[in-house]
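Let me begin by presenting the structure, written as structure tokens, before commenting on it.
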Amino acid sequence: MNEKTQNTATTASDRHEVNVVCSSCDIGCPLVAEVENNKVVNVRTHDHPALKDYICMKGALAHKGFNHPDRIQKPLKRVGERGSGKWQEVSWEEAMDDIAARLKTVVAQYGPEALAVATSQWNTSVDNGMGRRFMNLLGSPNWISGVALCAGNTSAVNRMVYGWFPQPDYSKTQCIVLFGHNPGQHRWAPVHHKILRAQEKGAKLIVLDPRRSECAERADIWLPLRPGTDAAMCLGWLNVIIEEQLYDKNFVENWTVGFEALCERVKEYPVDKVAEITGVDADLIREAARMYATATPGIIPWTPITDQQLNSTSAIRLHSILRAVTGSLDVPGGEVLHGFHPSIISEDELEMHEALSQTQKDKQLGAADHPAFTYRGMEPLREPTERVWGKPYANLITGNFMAVPSATFRAMADADPYPVKAFISLGNNSLLGYSNMDLLMRAMDNQDLVVVHEHIMTPTAQMADYVLPGDSWLERPQLYDALGWVSTIGISNQAAEPPGECKSVFHFWRELALRMGFEEHFPWQSLEQLYDYRLSPLGVSYQDFAANNMAHGPKLAFKKYEKTGFATPSGKVELSSSVLEGFGFDPLPSYREAPGPCEQYPLMLFMGVRDDEYFQTGHRHIPELRERKPEPTIYLNPETATELAVTATDWVSVTTKGGSVAGLVEIREDMPAGLVRVPHGWWKPETQQGREHLSGALIYSDSLITIDEPEYRDPEQGIPHLRGIPCRIQKLVGKPL
Ligand SMILES: Nc1nc2c(c(=O)[nH]1)N[C@H]1C(S)=C(S)[C@@H](COP(=O)(O)OP(=O)(O)OC[C@H]3O[C@@H](n4cnc5c(=O)[nH]c(N)nc54)[C@H](O)[C@@H]3O)O[C@H]1N2
Ligand SMILES: Nc1nc2c(c(=O)[nH]1)N[C@H]1C(S)=C(S)[C@@H](COP(=O)(O)OP(=O)(O)OC[C@H]3O[C@@H](n4cnc5c(=O)[nH]c(N)nc54)[C@H](O)[C@@H]3O)O[C@H]1N2
Ligand code: SF4
Ligand SMILES: [Mo]
């Protein structure tokens, strides 16, 4: 597919338009930036019918965030105590010299594994593999990211079942199943429109959500399940599908292993038992299972809901198993295994995973207890991946060779099992984006070096030694490949020069690499030079390529496994996982009950329902967005609010075993009684900076109440349970901050 386009069209004297791919969230809408005097003055959609609806308010207002007066434009060095808010402006040279010197000291004293790096789900993980390349050359396996809780872990678990992370084909599907996923015009706009179009063409929609969400309103069947019970629901569906012989016998016979064992396992989950666990009517469960198994090919689009549960590994595998046994894998209208772009050098290759010795890989934090997405967990897939996809290291969503975040923070805080003393956080608001704020703060306090690469003074930046000013997606060229998930590359052109001394993550890694003696491995002086290299197999320069393409990829092929087999140790879809069995886990999926309500914590909560106005912890400094949603809101059902004697103008604290968080009550008919919604990522950029307040993060961040103790951790992955946590609510006297 080569879409010809004009990249820069002059419309007025100095006003021109540039084709960009929005990275204000992780779905990547192709948009147009209107530029005047090197400043983006408007961001809008393409007129093309297929693209005209792909925008949300965050994309349309992206330039407002980047042109904001609070944008950090110069490197800042901490001059007071950590978190005291005292900074001095320094040059990039001075900052990088000192960062490199301090990193050398840490490495000399504690070894290279004493460096941990945290990156974003999206913004800066598009670093063309340079961060991992640096770490692999240095010798540190301790790389973590928000993708541990979002799609990165899903991709790793999907690979264990059938060797790649599939993309749903909305255009030809007959049935869409959303496990809690709730896209809308201002939340993943393209997916919202793809679902609407598929429904218009007759596709069925099944929504599983404890809350009557917008997608639930439009569904053919809505299953209001209890939070955290998704794995049990899938086992119930499989029970119906197998018992009623609704599966694809041909595919199961020829292309799967472990079907008999799976049949035995699902017998342990008869529909009546599943109805009891999930709280959903047994007949409705049967009806939904039949609909999914007969309206084929169907799709179960990726969802973060099952990435953030005690049963995450089982739930993700069960989705994979449902896709496979209903014959929906790698067919039009089903879920397609893309593989790499055939002729562009992939990020995985640039990451140089082979340069990291086995001894250092073995030190990856958390891998011993929770191997699923670590080097250790992925090792059995190395040979099969090379056999099928041509390369040994497929780092899909950048999430397949990660350290376990909570284990990494423990090493930072308590030197357990060994010290981590340098922490570099790039476009990741780390204090708000993982679990257990206490631990996260202790981890920061115990570092010899903390570097944050950012746009604004986030709570995480406030705890740094150096804050480096980052460029934005409107200010750099980008080859966009959905983090290796798909084989199609999108091109985002640079619309404006970065303001002040804002520089790319690429610049940061290269400057550090030069100072650490890795010059020969970082020969590219600019992103464009690196893109020339990445495109060299195609025999074109980046400039020519970008001038002629908006997107570039091969024609999709289907049922490729008939020629190559699947990229798993058996070459088949592993319904029973040899990889997990090898690590001593149950090779079959199951359901475990998380801690339930009790006298002290009588209600249950979940984190989520993304605010339209914000992407994760960002955007709260943009006035146009903040006016629409000024405060974090705790959703309560009217009955529950009455029982608690609170109303919609009340401020409350929500307390779990982990701590307390504050929010404003919002009474919602769509919430079931007894369930509480806590929003993710809140802080107030306009309020006091410094460790005492962290601009409100110590009052409003959901990381204050998340728990990372073993009974709240998915055993295979070590990620925290965010869906169904016992809590209590207390009325506060007025607004805390
Ligand atoms: N406690 C808790 N943790 C969670 C979640 C949760 O619900 N609760 N959700 C999880 C999910 S679903 C996800 S996707 C991840 C998200 O994790 P991340 O993608 O890391 O998102 P944020 O933590 O908001 O951090 C993004 C930061 O990048 C900055 N930024 C934006 N663009 C750029 C750029 O171009 N360059 C640089 N240098 N910085 C930039 C923003 O200002 C912001 O501070 O978090 C996960 N973690
Ligand atoms: N505006 C905006 N859009 C975004 C984002 C953003 O921050 N802002 N973030 C993007 C990112 S990184 C992500 S991960 C996605 C997240 O977006 P979604 O996938 O839509 O996830 P949420 O909005 O957190 O929750 C969706 C639904 O899950 C339900 N739910 C809660 N617990 C459970 C459970 O245990 N099981 C089931 N089945 N359902 C449950 C909730 O009631 C809610 O209706 O959105 C993306 N789009
Ligand atoms: S949905 Fe919004 S924020 Fe996300 S890529 Fe599209 S325009 Fe940007
Ligand atoms: Mo996410």
Side-chain angles (χ1 to χ4, degrees), residues 20-31 43-45 51 53-62 65 120-122 145-154 177-193 206-217 222-234 278 280 301-312 315 397 433 473 480 490 492 594 604-619 625 629 635 668 670-672 675-681 702 721-725:
V20 290
V21 176
C22 179
S23 298
S24 284
C25 88
D26 43 358
I27 202 69
C29 294
L31 298 176
V43 177
R44 62 166 176 81
T45 57
L51 301 177
D53 298 319
Y54 290 7
I55 196 165
C56 77
M57 58 179 109
K58 295 173 293 304
L61 292 167
S120 160
Q121 148 87 353
W122 180 239
S145 164
V147 303
L149 294 168
C150 183
N153 55 342
T154 328
V177 183
L178 301 175
F179 278 84
H181 202 28
N182 185 35
Q185 181 64 55
H186 298 286
R187 301 178 307 274
W188 271 28
V191 173
H192 167 66
H193 286 283
I206 304 173
V207 172
L208 301 97
D209 197 314
R211 192 178 66 97
R212 205 181 59 247
S213 67
E214 293 87 331
C215 287
E217 296 269 6
W222 167 42
L223 303 178
L225 79 178
R226 192 161 61 86
T229 62
D230 298 77
M233 180 63 81
C234 295
T278 59
V280 179
W302 161 82
T303 164
I305 302 305
T306 42
D307 290 358
Q308 303 166 346
Q309 296 188 7
L310 178 69
N311 292 294
S312 179
I397 318 289
W473 59 266
Y480 180 105
S492 188
M604 295 298 278
L605 69 76
F606 68 84
M607 275 91 182
V609 185
R610 304 302 169 184
D611 291 319
D612 284 353
E613 291 77 9
Y614 310 118
F615 178 69
Q616 306 299 106
T617 78
H619 291 133
L625 296 175
K629 182 90 190 170
Y635 296 174
R668 305 264 303 208
D670 59 19
M671 289 291 286
L675 190 63
V676 179
R677 171 260 191 171
V678 174
H680 169 50
D702 61 326
H721 183 67
L722 305 185
R723 314 283 168 201
I725 303 177

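Order of listing sets the numbers, starting from 1, for every ligand and every atom in it. On a predicted model such as this, the values are computed, not experimentally measured, just so you know.
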Between the side chain of Asn311 and the main-chain N/O of Ala231, is any donor-acceptor distance below 3.5 Å? no

Do the ring planes of His181 and Trp302 sit parallel (below 30°), tilted (30 to 60°) or perpendicular (above 60°)? perpendicular

For Phe179, the ligand 2 atoms with a heavy-atom partner under 4.0 Å come out as 38 (N)

Considering only heavy atoms of Ile55, which atoms of ligand 3 have at least one such atom less than 4.0 Å away? 7 (S)

Check this for me, if you would: do Arg677 and Asp611 make a salt bridge, where the nitrogen-to-carboxylate-oxygen distance has to be below 4.0 angstrom? yes

Ranked by distance from atom 34 (C) of ligand 2, the top protein heavy atom is Ile305 CG2, 3.4 Å

Just jot down the ligand 2 atoms closer than 4.0 angstrom to any heavy atom of Cys150, in number order. 14 (S)

Which ligand 2 atoms, with their elements, are less than 4.0 angstrom from a heavy-atom of Asp230? 34 (C), 35 (O), 36 (N), 37 (C), 38 (N)

For atom 19 (O) of ligand 2, tell me which residue out of His181, Arg187, His192 has the closest non-hydrogen atom. His181

What atoms of ligand 2 come closer than 4.0 angstrom to any heavy atom of Ser213? 44 (O)

Determine whether Trp473 and Val20 make a side-chain contact, defined as any pair of heavy atoms from C-beta on separated by less than 4.5 Å. yes

Identify the protein heavy atom lying closest to atom 6 (Fe) of ligand 3, giving its residue, its atom name and the separation to 0.1 Å. Cys29 SG, 2.3 Å

Examine Cys56 and say whether one of its N/O/S atoms is closer to atom 6 (Fe) of ligand 3 than 2.8 Å. no

What is the closest protein heavy atom to atom 17 (O) of ligand 2, and at what distance does it sit? Arg610 CG, 3.6 Å

Considering heavy atoms of the protein only, find what lies nearest to atom 32 (N) of ligand 2 and give residue, atom and distance to 0.1 Å. Arg723 CD, 3.5 Å

Trp222 side chain to Asp209 main-chain N or O, any donor-acceptor pair under 3.5 Å? yes

Given that the side chain starts at C-beta and the backbone is N, CA, C, O, which of these parts of Phe615 lies under 4.0 Å from ligand 2, counting heavy atoms, or is it both or neither? both

At under 4.0 Å between heavy atoms, is it the side chain or the backbone of Gln309 that contacts ligand 2, or both, or neither? side chain

Can you find a heavy atom in the side chain of Met604 that is under 4.5 Å from one in the side chain of Val676? no

Check ligand 3 against Ile27 and write out every atom of the ligand that is under 4.0 Å from a heavy-atom position of the residue. 1 (S), 4 (Fe), 5 (S), 6 (Fe)

Atom CG in Leu722, atom CG in Leu310: separation rounded to 0.5 Å? 11.5 Å

Determine yes or no for a side-chain-to-main-chain donor-acceptor pair under 3.5 angstrom, with Tyr614 supplying the side chain and Lys629 the backbone. yes

Residue, atom and distance of the protein heavy atom nearest atom 4 (Fe) of ligand 3 read Cys25 SG, 2.3 Å

Number the atoms of ligand 2 from 1 as they appear, then name those within less than 4.0 Å of a heavy atom of Pro227, with their elements. 34 (C), 35 (O)

In terms of residue, atom name and distance, what is the protein heavy atom nearest to atom 26 (C) of ligand 2? Gly180 O, 2.5 Å

Which atoms from ligand 3 have a heavy atom of Cys22 less than 4.0 Å away? 3 (S), 5 (S), 7 (S), 8 (Fe)

Among Asp209, Asn182, Leu225, Asp26, closest by heavy atom to atom 43 (C) of ligand 2 is Asp209

Looking only at heavy atoms of Pro210, does any of them come nearer than 4.0 Å to an atom of ligand 2? yes

Any heavy-atom pair between the side chains of Leu675 and Pro227 that's under 4.5 Å? yes

So do the side chains of Thr303 and Leu178 get within less than 4.5 Å of each other, counting heavy atoms only? no

For atom 7 (O) of ligand 2, what's the nearest protein heavy-atom neighbour? Residue, atom name and distance, please. Gln616 N, 2.8 Å

Arg211-ligand 2 polar pair, N/O distance under 3.5 Å: yes

May I ask whether Lys58 has any heavy atom positioned less than 4.0 angstrom from an atom of ligand 2? yes

Around atom 35 (O) of ligand 2, find the nearest protein heavy atom and jot down its residue, atom name and distance. Gly228 N, 2.8 Å

Hey, does the side chain of Lys58 reach the backbone of Glu613 with a donor-acceptor pair shorter than 3.5 angstrom? no

Could you list which atoms of ligand 2 come closer than 4.0 Å to a heavy atom of Asp612? 1 (N)

If we ignore hydrogens and angles and just use 3.5 Å, is the side chain of Asp307 paired with the main-chain N or O of Ala151 as donor and acceptor? yes

Under 4.0 Å from a heavy atom of Ser24: give me the atoms of ligand 3 that qualify, with their elements. 3 (S)

For Ala189, the atoms of ligand 3 under 4.0 Å from one of its heavy atoms are 1 (S)

I'd like to check whether Asp611 has a polar contact with ligand 2, where a contact means an N/O of the residue lying under 3.5 Å from an N/O of the ligand. yes

Sub-3.5 Å N/O-N/O distance, His186 and ligand 2: yes

Which residue supplies the protein heavy atom nearest to atom 22 (P) of ligand 2, what is that atom called, and how far is it? Val609 N, 3.4 Å

Distance-only polar pair, side chains of Gln185 and His193, donor-acceptor under 3.5 Å: yes

Specify the protein heavy atom at minimum distance from atom 8 (N) of ligand 2: its residue, its atom name, and the distance to 0.1 Å. Tyr614 O, 2.6 Å

For atom 21 (O) of ligand 2, the option (of Gly608, Gly618, Pro304) bearing the nearest heavy atom: Pro304

When you measure from the side chain of His721 to the backbone of Gly724, do you find a donor-acceptor pair of N or O atoms at a distance under 3.5 Å? yes

Counting C-beta onward and ignoring hydrogens, is there a side-chain heavy-atom pair between Leu225 and Pro210 closer than 4.5 Å? yes

With atoms numbered from 1 as shown, which atoms in ligand 2 lie under 4.0 angstrom from a non-hydrogen atom of Leu208? 37 (C), 38 (N), 39 (N)

Where the side chain of Asn182 meets the backbone of Cys215, is there a donor-acceptor pair that is under 3.5 Å apart? yes

Please confirm whether Arg723 makes a cation-pi placement over Phe606, using NZ or CZ under 6.0 Å from the six-membered ring centre and within 45° of the ring normal. no

Ignoring hydrogens, what is the shortest heavy-atom contact between Cys150 and Ile397? Give both atom names and the distance. O-CG2, 4.3 Å

State, with a plain yes or no, whether a side-chain heavy atom of Trp188 is found less than 4.5 Å away from one of Arg610. no

I'd like to know if Trp302 contacts ligand 2, where contact means a heavy-atom distance under 4.0 Å to any ligand atom. yes

